[in-house]
Amino acid sequence: MTENDEIAAMLEEFADRLEAKGVDYKPRAYRDAAESVREASSDALDEPTAIPDVGDAIASKIEEFREKGRVEELEELRDEMPVDIEALTRVEGVGPKTVGKLYEALGVTDLDELEDAAQHGRIQNVSGFGEKTEQNILEGVEFARQSAERTLLGKSLPKARHLVSRVEELGSVKRAVAAGSVRRRKETTGDIDIVVVSDDREATADAVTDWDAEVIQKGERKTSFRKDDEDVDLHLVKEDEFGSALQYFTGSKQHNVATRNVAIDRGLKLNEYGVWDDETDERVAGETEEEVHEALGMEYVPPELRENRGEVETARDGELPELVEEEDVRGELHSHTDRTDGGATLEEMVAGAEERGFDYLAVTDHTEALGVAGGLTDEELRALADDVRALNEDVDVRLFAGAEANILKDGSLDVSDDVLAELDVVVASIHSGMRMEEDEATERLVSAVRNDEVDILGHPSGRLINSREGYPYDFDAVLDAAASEEVALELNSNPHRLDIHDTQVWRCVEARVPVAVNTDAHTPSEYDYVEYGVATARRGWATADDVLNAWTVEELEDWLG
DNA sequence: GCCGTTTTCGGCCCGACTGTTTTCAGTCG
């Protein structure tokens, strides 16, 4: 978790606890502030009042938190109501108010006690609760225990596609599109939203809830169910509402607020059903997203940009960049074979690259220090390079001999410069000694970038989403070094990594540091990861020019040379 | 608690859905 995330979580807890107490308005203020902090740069924390939605009161809490690691007033709220509010509110249908009521009435403080109270029928006796609610809570507890984590895009996107195709097969359905954070290609997703155009919404809802799924709610416009540990919302709309509904349910929430304000500015009203002229009440758009954007006087905003990071203003000015697309990617600059920890031979990896129509492929197996991956000795590395160059004569894809060298504790690499100098492409990455303070990690990365033989800095943060945080480092310092040394930063496309992050891509674009959208493929099928990397690059406003491996062979050779 | 080109005080997004209600509160997105 970044410091921004930690502070945002602290503010959200404030909001929940105030709401549980029945306080009005303040919770919204804390929630707005939390969201703004999450979106702000890490530098912004030094002057919190400059962050939108953060005033003097919340700013002083942020300062207290950064200084002491705790906030006195939050501690008091915790003492007052000692409940695990974060866990309890994960239960479907249980929000802060319910937590407050159940604590007052039954003394429930965590998931175990909630489950126990439900099992013994105590909840239905509390005023405002009934048998049904108690049953729903009981069913929701187990899921809440497991679902602390958001789902990787690498899992939710294929699942969403599968569900969409199943929905599309229903006779009553004309169209179905996945919306929400899946469509925005956020690195992790909460639930899966699908917008469905149907002639017969009731029949569609019935058909879907007949699947092997646990139905959460079923209405005329919205049907929710849980399938294979994933929450799915179907938004059932009429054909002429499709565009506005898709726009609305794609979000993000903050982007929607911003677009709604554009509508207000122009004397229009925007909601999920369409766009209306305020004065005449005439409906002016709604059937397609393009039409909705046009009515608002905006360029079409690609879903990946819809995070309220300036895209609304830029779209009004007609100055959105032409984002990189998967077809723009011409090659792969980070791949492995079975000579180290890959699952396929050199020949198979090359054949896979040819099949994908890549113009070039760099074979970059691990080097010696990475024992667990069978890292290559200098000799083996030279032998691989010879084989790569020999194979290059016979294939339709330009092969580069390379290595993924390890950045050691002192910032040096585990391969001598002489050997690296013989290679075409050198990726340098940290694979060990990851428990570091920020200064140490930054120094290690910067000295690797300063090494003349290094072309690309691999997965800079070392994080694995949901399982390893990665070391903290000063991204600006690394970026500065990369800019002056003409080194590219990798955007590792493995859905577990997505490292660098989308907001860092944006910084690279600004600093004119090329981004290498690499898959780090260990088998030919992993070249498919490029989709996730490209999506993340798009979320960082990157064009094809900003992506190193979208360049032609000649441009790339020029840069490497 | 935050915000402001109608504002330094008086507002805070809003619609769908559910369950417990006799008209609404809470949750969710």
Side-chain angles (χ1 to χ4, degrees), chain A residues 11-12 14-37 48-62 73 85 88-102 123-137 139-140 144 179-184 186 189-195 201 205 209 215-226 231-237 241 244-261 263-265 269-274:
Chain A
L11 296 173
E12 271 155 10
F14 245 112
D16 280 348
R17 290 186 179 279
L18 290 167
E19 199 168 356
K21 278 179 66 172
V23 176
D24 281 329
Y25 301 113
K26 280 195 201 183
R28 139 109 336 118
Y30 277 89
R31 265 186 246 288
D32 288 347
E35 206 145 344
S36 295
V37 167
T49 47
I51 301 171
D53 305 314
V54 176
D56 291 339
I58 290 182
S60 75
K61 284 172 183 112
I62 291 175
E73 202 176 318
I85 200 153
L88 289 167
T89 52
R90 276 208 304 273
V91 178
E92 177 83 35
V94 175
K97 290 266 173 66
T98 302
V99 171
K101 279 192 210 164
L102 292 179
I123 288 175
Q124 56 176 295
N125 297 326
V126 180
S127 147
F129 293 77
E131 223 175 299
K132 203 81 181 249
T133 304
E134 185 172 79
Q135 195 53 39
N136 287 340
I137 287 175
E139 284 166 14
S181 44
V182 170
R183 183 159 181 251
R184 300 200 312 279
K186 217 172 130 112
T189 60
D191 52 14
I192 294 176
D193 287 286
I194 301 177
V195 175
R201 293 186 292 196
T209 53
V215 178
I216 297 167
Q217 54 180 209
K218 186 165 118 178
E220 197 187 332
R221 300 193 152 274
K222 180 182 174 186
T223 288
S224 307
F225 57 92
R226 184 168 297 150
D231 279 341
V232 184
D233 288 339
L234 292 190
H235 304 283
L236 304 163
V237 306
E241 297 166 345
S244 41
L246 187 58
Q247 199 277 333
Y248 182 85
F249 290 112
T250 297
S252 67
K253 212 164 110 185
Q254 300 293 98
H255 171 87
N256 284 356
V257 170
T259 41
R260 203 161 35 230
N261 287 337
I264 292 166
D265 272 0
K269 189 181 83 169
L270 166 69
N271 61 27
E272 60 263 55
Y273 304 116

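Every chain is numbered from 1, with letters handed out A, B, ... down the list of sequences.
Using a 4.0 Å heavy-atom cutoff across all strands shown, A:Val126 reaches no nucleic acid atom at all. Note on A:Lys269: nothing from the nucleic acid sits closer than 4.0 angstrom, heavy atoms only. When heavy atoms are screened at a 4.0 angstrom cut-off, A:Asn256 is found touching no nucleic acid atom at all. Contacts of A:Asn271 with the nucleic acid, taken as non-hydrogen atoms under 4.0 Å apart, are absent. Among the protein residues, A:Asp24 comes within range of no part of the nucleic acid, since none of its heavy atoms lies under 4.0 Å from any strand. Within the nucleic acid shown, A:Tyr248 comes within 4.0 Å of at least one base atom, counting heavy atoms only. Within 4.0 Å of A:Glu131, counting heavy atoms only, lie sugar-phosphate atoms of the nucleic acid but no base atom. A:Phe129 comes within contact range of the sugar-phosphate backbone alone, with a heavy-atom separation under 4.0 Å but no base atom that close.
For B:dT7, the glycosidic angle deviates from 0 by 90° or less, giving a syn base.
Across B:dG19 and B:dC12, the matching C1' atoms stand 27 Å from one another, rounded to whole Å. Here, B:dC13 and B:dG29 have their C1' atoms 12 Å apart, quoted to the whole Å. A gap of 23 Å separates the C1' atoms of B:dT7 and B:dC14, to the nearest Å. Between B:dC3 and B:dT8, the distance separating the two P atoms is 16 Å to the nearest Å. Here the separation of B:dC28 from B:dT22, taken at their P atoms, is 23 Å to the nearest Å. Nucleotides B:dG10 and B:dC17, compared at atom P, are 37 Å apart to the nearest Å. Look at the C1' atom in both B:dG11 and B:dA16: the space between them is 25 Å, to the nearest Å. For B:dT27 and B:dT21, the P atoms lie 16 Å apart once the distance is rounded to whole Å.
Between the side chain of A:Glu134 and the main chain of A:Gln124, a donor-acceptor pair closer than 3.5 Å is present. In this structure, the side chain of A:Ser36 engages the main chain of A:Pro52 through a donor-acceptor pair within 3.5 Å. Between the side chain of A:Ser252 and the backbone N or O of A:His255 there is at least one donor-acceptor pair closer than 3.5 Å.
Considering only heavy atoms from C-beta on, A:Tyr30 stays 4.5 Å or farther from A:Asp16 through its side chain.
In this structure, A:Asp56 places its CG atom where only 12 or fewer heavy-atom neighbours from other residues, nucleotides or ligands lie under 6.0 Å away.
The side-chain contact (heavy atoms from CB on, under 4.5 Å) test applied to A:Ser60 returns no partner, not counting sequence neighbours. Considering only residues two or more places apart in sequence or on other chains, A:Lys218 meets the salt bridge (charged side-chain N to carboxylate O under 4.0 Å, His left out) condition with A:Asp206. Taking A:Glu35 as the reference, nothing meets the salt bridge (charged side-chain N to carboxylate O under 4.0 Å, His left out) condition, with sequence neighbours excluded.
Looking at which nucleotide of DNA chain B each of A:Glu134 and A:Asp193 is closest to, the 5′-most match is held by A:Glu134. Remark on DNA chain B: of its neighbouring residues A:Arg260 and A:Gly93, the 5'-side contact belongs to A:Arg260, judged by nearest-heavy-atom nucleotide.
The CZ atom of A:Arg260 sits 7.0 Å away from the CD1 atom of A:Ile264 when rounded to the nearest 0.5 Å. In this structure, CG on A:Asp193 lies 8.5 Å from OG on A:Ser224, to the nearest 0.5 angstrom.
Near DNA chain B, meaning a heavy atom under 4.0 Å away, the residues from residues 27-36 of chain A are A:Arg28, A:Ala29, A:Tyr30. A heavy-atom distance below 4.0 Å to DNA chain B is reached by these residues of residues 48-59 of chain A, ordered by number: A:Pro52, A:Asp53, A:Val54, A:Gly55, A:Asp56, A:Ala57, A:Ile58.
If you check B:dT8 for Watson-Crick or wobble pairing at under 3.5 angstrom, you find it has no partner at all.
For DNA chain B, the outermost nucleotides in 5' to 3' order that have an atom under 4.0 Å from a heavy atom of chain A are B:dG1 to B:dG29.
Salt bridge A:Glu272/A:Arg221: absent, no basic N to carboxylate O contact under 4.0 Å.
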